[in-house]
Structures are given as C-alpha cells and as structure tokens.
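In this text, all values refer to a predicted model and were calculated from it rather than measured experimentally. Chain identifiers are assigned alphabetically (A, B, ...) following the order of the sequence lines, protein sequences preceding nucleic acid strands; residue numbering begins at 1 within each chain.
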There are 2 protein chains.
Amino acid sequence: MTQQRSSPPASRATIEDVAAAANVSVATVSRALRGLPNVAASTRSRVVEVAGQLNYQADPAARRLATGRSHAIAVLVPFVNTWYCAEVMAGVEAVCAEAGYDMVVIALRAENGDRRPIDGTEALHRRVDGIVVVDVALEPAELDEMISRGLSVVSIGPPLPGCASTGIDDVAVGRMATEHLLGLGHHRIALIGDTTDTVFGFMVPTMRQQGYEAALNAAGVELDDELIVDGSFTVQGGAEAFDQLMALDDPPTAIFAIGDIMALGAMQRARELGIDIPGDLSIVGVDDQPVAEVLGLTTVHQDVAEHGARVARWLVDLLRDDDHSVERFIAPITLVERTTTAAPATVVVG
Amino acid sequence: MTQQRSSPPASRATIEDVAAAANVSVATVSRALRGLPNVAASTRSRVVEVAGQLNYQADPAARRLATGRSHAIAVLVPFVNTWYCAEVMAGVEAVCAEAGYDMVVIALRAENGDRRPIDGTEALHRRVDGIVVVDVALEPAELDEMISRGLSVVSIGPPLPGCASTGIDDVAVGRMATEHLLGLGHHRIALIGDTTDTVFGFMVPTMRQQGYEAALNAAGVELDDELIVDGSFTVQGGAEAFDQLMALDDPPTAIFAIGDIMALGAMQRARELGIDIPGDLSIVGVDDQPVAEVLGLTTVHQDVAEHGARVARWLVDLLRDDDHSVERFIAPITLVERTTTAAPATVVVG
DNA sequence: TTGAAAGCGCTAACAG
DNA sequence: CTGTTAGCGCTTTCAA
C-alpha cells in the first residue's frame with residue numbers, strides 16, 4: 001500500500017560513528033553526551049558538536065538493556081474513555097513529557113465477568129520502571145509481584161499498602177454535599193449512587209454514601225433506604241434513578257448524586273417532567289466537570305489532572321532516587337455553589 | 001519513604017537459566033518459546049514447562065535491541081483530556097492490548113504560541129514502531145522524518161500523504177446537519193463554529209462550515225455572515241455564541257453547532273433565557289457524545305473509538321508486514337434525530 | 001581525563 | 001531438529 005516500507009529503516013548513526021568522527025572512544029562519547037563529570041570541556045564540546053552534525057540520538061533499547069531502566073512508566077486505568085481517567089492521564093502525561101519518560105497506558109478490561117489479572121508477566125515485565133495505579137484495588141499478590149519485579153508504584157484513589165498515594169476524602173465529599181443540602185433546610189435528601197462495580201474494587205461510592213449517612217445522622221435525620229438508589233455512574237442511570245425517586249410516595253426535596261454525570265441525567269429528566277430546579281428540587285453533584293459549570297450544577301470540586309501530575313512527580317522522584325517522604329496526600333475539595341440548590345419549597349401546612 | 005526500593009530488583013530468570021534447566025541451547029529456548037517451527041514437540045513442551053516453572057519472561061529491552069522492533073506504538077494527540085481523544089485512545093489501546101503492543105501517548109502541547117515540533121529526535125526515536133496521528137496536520141518535513149526513521153504512520157482525521165488514514169467526511173457532516181434543518185423548513189440557520197486553532201492545523205471546522213454553506217447554496221438560501229459565529233469548541237463558547245446570535249436583529253430559527261459540546265452550551269443558555277427548544281429554536285450538534293443522548297440532542301453521529309481501533313489494526317498489520325491495501329476509509333456518519341429539532345414556529349403574517 | 005573491554009539478554013544466521 | 005556464535009548499541013568497571 002503506502003510507500004512507507006519501501007525505504008530501508010534509514011540506518012542511524014551509532015555511538016561508534018560519533019566516536020570515530022570525534023576521535024575519541026565510545027566511552028567518552030557516552031560520558032560527554034550524558035553530562036557526566038571527568039570529561040575535558042574541549043572534548044565534550046567537540047563530541048556534542050559531532051553528535052549534532054550526525055544527528056545522533058542514543059538508542060533507548062540499547063540504553064535500557066545496559067542500564068536496566070526503561071525510562072517509561074505505565075498508567076493503569078480501569079477505562080480510558082472516561083472524563084476522570086482522561087484528566088488523570090493528561091496530568092501524568094504532562095509530567096512525563098517534562099521529565100523525559102514515556103507514558104504507556106494500560107486499561108484493565110474485564111473479561112468474562114472478572115477483571116483481567118495483572119500478572120505483571122504481561123504488559124509490565126521489564127517494560128516500565130514504575131506504575132501509576134488509578135482507582136483500582138490491586139490484589140495484594142499483584143502488588144507484591146510488581147514491587148518484587150522492582151517496579152515503583154504510586155496510586156490515585158485507594159491507599160495501596162506501602163505505596164505513596166493521593167486522593168480525596170470521599171467520606172468528606174459525601175458529608176460536604178449533604179451538609180450543604182441540610183444547611184439549606186432539606187431533610188428528605190436522596191442519594192444517587194453506584195453499585196455496578198463488582199470488578200475493580202471501586203470504593204468511592206461506598207465512602208461517599210458513608211459521608212452522606214454520617215451527615216444525616218449528625219443532623220438527626222433518619223435514614224430512609226428508599227432514598228438511596230443506583231445510578232450506575234452514567235447519565236442514563238442518573239435519569240433512571242431520578243424516575244425511581246420521583247415515583248416514591250414521599251419523594252425527596254433534594255438529591256445528592258455522587259457524580260456530576262448522574263446529576264446531569266437527573267437534571268435532564270427533571271426538565272422533561274417539568275420539575276423546576278432548584279425551585280422544586282435541589283441537586284448537587286461531585287467532580288465539577290466542565291459541563292457542570294455551564295449547567296450551573298452545584299458540585300463538589302476536585303482537581304483530577306493535578307492528582308495525576310502529583311503522583312507522576314512523586315514517581316519520577318522515586319525513580320531518580322530523590323527520596324521524598326510523602327506517604328499520602330489528601331487533595332482539597334471545595335463545594336462550588338451554583339444554581340441547582342436552594343432552600344426547599346415552603347410547604348403550606350393546612 | 002515507602003519500602004519499595006529496599007528490596008533488590010529481584011534478578012529475574014534469563015534465557016540462559018531456562019536453557020540450562022531444560023538442557024538445551026538458548027537458541028532452542030528462543031525458538032521454542034516463540035512458536036517457531038523446527039523444534040521437536042517434546043523439546044518444545046519441556047522448554048515451555050521449564051520456562052513456566054522459572055517464571056521466565058523474555059526481556060523486551062533485549063528483544064528490542066536484537067530485533068530492532070519495539071513492539072510499541074505511539075498515539076499522537078493534540079490533547080489527552082478531551083472526549084474525542086479519549087475515545088480514540090480507548091480504541092487504540094484495545095487493539096494494542098490484543099496484539100501485544102504497548103501504547104505510549106504523546107500530547108502535542110503548544111509552547112509559546114506554537115505547537116511543539118515533533119523532531120522525531122525526541123520521544124519517537126527508536127522508541128516505537130509506528131504512530132497513530134490524531135487530528136494533527138503534521139508538517140511534511142516532520143512526516144518525512146518519521147518515515148525516514150522507519151516508522152509506519154497512520155492517521156485519524158486529515159489524510160496524511162502516503163499514509164493510511166480514516167476519518168469522516170466533514171463536509172458531508174455539515175451538509176447533513178444543515179439539510180436536516182432545511183428539510184424541517186428552516187431558512188435562517190446559524191453556524192456555531194470554531195476559529196480558535198492556530199496551532200494544530202485543525203481543518204474540521206472549516207470543512208463542516210463548507211458543508212453548511214454548500215447545503216444552503218443548494219437550497220437557494222443566501223448566506224449571512226452574521227449567522228456564523230465562533231464557539232471555541234467549548235461549552236462556554238457555545239453559550240457565548242448563542243448570546244451573540246440572539247442579539248441579532250433577525251435571529252436564527254435554527255442552529256448548527258459543529259460539535260455537541262457547543263450545542264450543549266447553547267441549549268443551556270436557551271433554557272436560561274426561556275427560549276424553548278425546539279419550539280422557538282432548533283439545534284443540531286455533531287459527535288453524539290453520551291451527553292447528547294440524555295439531553296435529546298439531535299446530532300450527527302460518528303463512532304470515534306472505532307476510528308482508533310481501525311487505524312490501530314492497520315498499523316499492527318503494517319508492522320507485521322501483512323500488507324493490506326486500504327489507503328483511506330471514510331467512516332459512516334448518521335443523523336440521529338432526537339428532540340432538539342422541529343419545524344420552525346409558524347409566523348403569523350399580519 | 002580517557003580508552004579497552006566486558007557485559008546487558010536476546011535473536012538470527014550458519015553449521016552440523 | 002539443535003547448537004555455536006556473532007552481533008544489536010549502549011553503559012560501566014578497571015586500567016592507563
């Protein structure tokens with residue numbers, strides 16, 4: 001088809017070519033180009049010059065073999081096409097590009113109802129120096145395997161034992177959102193959560209719900225199981241959850257959706273049904289995705305790309321042996337009040 | 001900090017260990033494990049067995065050095081945290097995982113107002129066997145450089161000279177959306193486009209606009225420059241574009257937003273202003289992002305993940321020398337009619 | 001400050 | 001069908 005394979009792979013200059021052209025040994029070229037000490041200034045400049053002329057670039061494969069370091073890191077995500085993961089990857093990629101690391105992404109697809117195991121034997125073995133684990137509860141055995149293979153691992157989300165990690169306090173998220181609603185005067189507050197994950201050990205929904213319950217308890221509001229429904233962490237699921245809630249004999253006056261995306265589905269459904277927000281019903285989400293701003297959704301904000309950038313920096317430091325001492329960093333969250341929450345409509349008591 | 005670096009990198013079994021344990025030469029181990037012919041069945045099974053016991057896994061770095069192939073591909077994206085790019089990456093990643101390739105992602109950030117040049121000298125040199133270029137107009141010199149370095153390149157979006165590529169017919173997209181509106185009886189149709197890219201050579205907005213203009217011309221509707229506004233390909237931009245349109249003396253009865261995301265901003269603004277959709281105004285988008293479905297947005301659908309999967313398959317074929325003959329595949333698009341478009345309100349002519 | 005040479009772990013002729 | 005051996009291109013002691 002294309003002409004791409006017709007031209008030979010353009011044999012490139014090797015370190016020997018540079019050595020010959022600069023009249024030095026390959027060892028000297030290696031030292032000079034890597035900025036090591038013990039190279040005469042004049043020698044170095046000559047080598048650099050020659051290397052430039054020959055358009056020389058060290059072969060990473062050879063370097064990897066000789067040094068045992070790949071200068072690559074992997075980011076392990078449950079999915080690649082979600083807003084959250086894309087943000088994380090963006091953060092990681094930026095740091096990698098800066099630090100001269102390759103970022104290879106590995107998605108943990110589920111196969112026959114089970115998560116694909118990371119036997120390390122596969123995509124990880126000797127391919128990368130470190131891993132960024134994103135919101136995946138690794139089996140202890142998997143983690144051990146990785147570490148025993150010399151991989152440095154950092155994590156976003158759950159605190160992997162022995163690994164530096166960052167994340168937000170998801171219980172606090174639930175509490176913050178619920179308290180906001182409580183503060184507005186709501187008592188009948190529903191939760192649109194997610195119970196679909198049986199594969200990745202995704203604890204976030206559970207924790208946010210804990211915060212919700214804690215806030216309710218603290219306020220002396222009795223829990224009502226009917227008010228806790230599943231939204232599958234999808235727009236569609238949020239809409240369906242909304243229907244379920246509105247079909248209740250005593251529907252809620254406020255909804256806490258544990259993700260913007262589900263809040264979005266609920267809002268849309270509300271509009272279709274002619275339910276005014278926040279007049280008839282308040283809604284608050286979590287994440288502060290771009291769409292939240294334009295929809296005026298009140299939500300709990302977190303800076304996801306920064307999570308990625310942060311752990312990537314840690315990882316790079318770790319790999320450079322610049323020891324640092326952070327074990328876990330709880331990233332800040334903030335409530336962004338917009339226009340989907342208000343005091344409940346005053347009920348005229350007859 | 002963590003205990004990760006305390007244990008030695010767990011020296012792993014090499015091919016020699018396996019050879020010794022199986023009482024054969026390393027060459028035989030290599031052949032046996034790679035499934036090459038000319039290995040006695042009994043020998044092969046013994047080698048496989050021993051390799052398993054030793055938990056042996058060939059070192060990719062050594063293999064790369066010996067064969068000259070990295071078994072990795074790069075995906076070159078303008079950004080990593082956009083819906084479109086995330087979908088593409090998802091498609092590419094799935095194929096890579098299946099075919100045993102690493103996917104490394106490289107974002108083309110802009111620096112001091114200019115796109116970071118891909119001198120190949122950087123992140124690409126000898127690191128990957130091939131590249132998936134996503135919606136980036138590479139300089140001819142950059143492309144030549146890549147090909148001369150032996151890289152196979154395929155592209156999504158613009159048809160790179162000499163490279164297999166896929167994409168949609170963006171002129172047809174513009175025409176399809178506009179004709180839909182025209183068919184409904186609209187004559188005053190606005191376009192929310194994007195003129196912000198000065199860096200990546202992004203031709204999509206221009207082409208969709210061409211389709212829009214062609215459809216209007218074909219229908220004998222005169223173009224009105226006032227109806228063509230910029231939406232910056234963001235939700236916010238779409239909202240602002242909407243304001244601009246509504247401020248016109250003779251506002252449109254329908255809007256074609258060249259991306260769902262901008263349509264979304266426009267819809268939100270319409271709601272805030274009490275403009276009924278589709279009663280007062282029709283809106284059609286492009287992409288069919290998940291959010292489009294729940295909002296009931298009429299839009300031009302394309303399967304973006306499949307674009308990624310498709311070119312990734314081509315690339316893998318190319319790298320395996322399974323020559324195939326596709327030069328360019330125009331992926332299908334379909335109009336998904338939902339609830340944001342309808343016939344224009346009948347104007348009672350006094 | 002520099003050079004020689006021994007690997008790193010694998011693949012790929014080339015013999016046998 | 002199997003073994004020997006020469007690289008692949010770089011880093012890194014160890015000497016000089």
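Tyr56(A) is listed as a side-chain neighbour of Ile15(A), based on a closest heavy-atom distance under 4.5 Å. Using a 4.5 Å heavy-atom cutoff, the side chains of Cys163(B) and Val153(B) are in contact. The side-chain heavy atoms of Leu108(A) and Phe79(A), taken from C-beta on, include no pair separated by under 4.5 Å.
With hydrogens and angles disregarded, a donor-acceptor distance shorter than 3.5 Å links the side chain of Glu142(A) to the backbone of Glu139(A).
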Inset, instruction - Report the C-alpha distance between Arg64(A) and Ser70(A) in whole Å, list the side-chain angles of each, state the deciding distance to 0.1 Å, and finish with yes or no for side-chain hydrogen bond (donor to acceptor under 3.5 Å, both in side chains). - result: CA-CA 5 Å; Arg64(A) 286 175 191 195; Ser70(A) 66; 5.3 Å; no

Inset, instruction - Report the C-alpha separation of Ser30(B) and Arg34(B) in whole Å, then their side-chain angles, then the decisive distance to 0.1 Å, and conclude whether the side-chain hydrogen bond (donor to acceptor under 3.5 Å, both in side chains) test is met. - result: CA-CA 6 Å; Ser30(B) 180; Arg34(B) 282 182 300 155; 3.0 Å; yes

Inset, instruction - Could you go through the side chain to side chain contact (heavy atoms under 4.5 Å, CB included) check for Ile106(B) and Val75(B) one step at a time? - result: CA-CA 6 Å; Ile106(B) 299 176; Val75(B) 30; over 6 Å; no

Inset, instruction - Please lay out, stage by stage, how Arg313(A) and Glu306(A) fare under the test salt bridge (charged side-chain N to carboxylate O under 4.0 Å, His left out). - result: CA-CA 10 Å; Arg313(A) 280 189 292 264; Glu306(A) 181 55 26; 2.7 Å; yes

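Residues Ala13(A) and Leu54(A) share a closest heavy-atom pair of CB-O, 3.8 Å. Here the shortest heavy-atom pairing between Ala58(A) and His125(B) reads O-CD2, 3.8 Å. Summarising the geometry of Met103(B) relative to Cys96(B), their closest heavy-atom pair is CB-SG, 4.0 Å, with the distance given to 0.1 Å.
End-to-end axis angle of the helix from dT1(C)-dA16(D) to dG16(C)-dC1(D), using five pairs per end and rounding to 10°, comes to 30°.
Regarding contacts with the backbone of dT2(C), a side-chain N or O of Thr43(A) is found under 4.0 angstrom from either OP1 or OP2.
Nucleic acid contact class of Asp59(A) (heavy atoms, under 4.0 Å, all strands): sugar-phosphate only.
Of the residues in residues 17-36 of chain B, those with a non-hydrogen atom less than 4.0 angstrom from any atom of DNA chain C are Ala27(B), Ser30(B), Arg31(B), Arg34(B).
A 4.0 Å heavy-atom criterion places the boundary nucleotides of DNA chain D facing chain B at dC1(D) to dG9(D), written 5' to 3'.
Summarising the geometry, the separation between CZ on Arg64(A) and P on dC10(C) is reported as 16 Å, rounded to the nearest angstrom. Remark: C1' of dG3(C) and CG of Asn38(A) are 14 Å apart, rounded to the nearest angstrom. Rounded to an integer number of Å, the gap from Arg44(A) CZ to dT1(C) P is 9 Å.
Comparing Arg46(B) and Leu65(B) by the nucleotide of DNA chain D whose heavy atom lies nearest to each, the residue mapping closer to the 5' end is Arg46(B).
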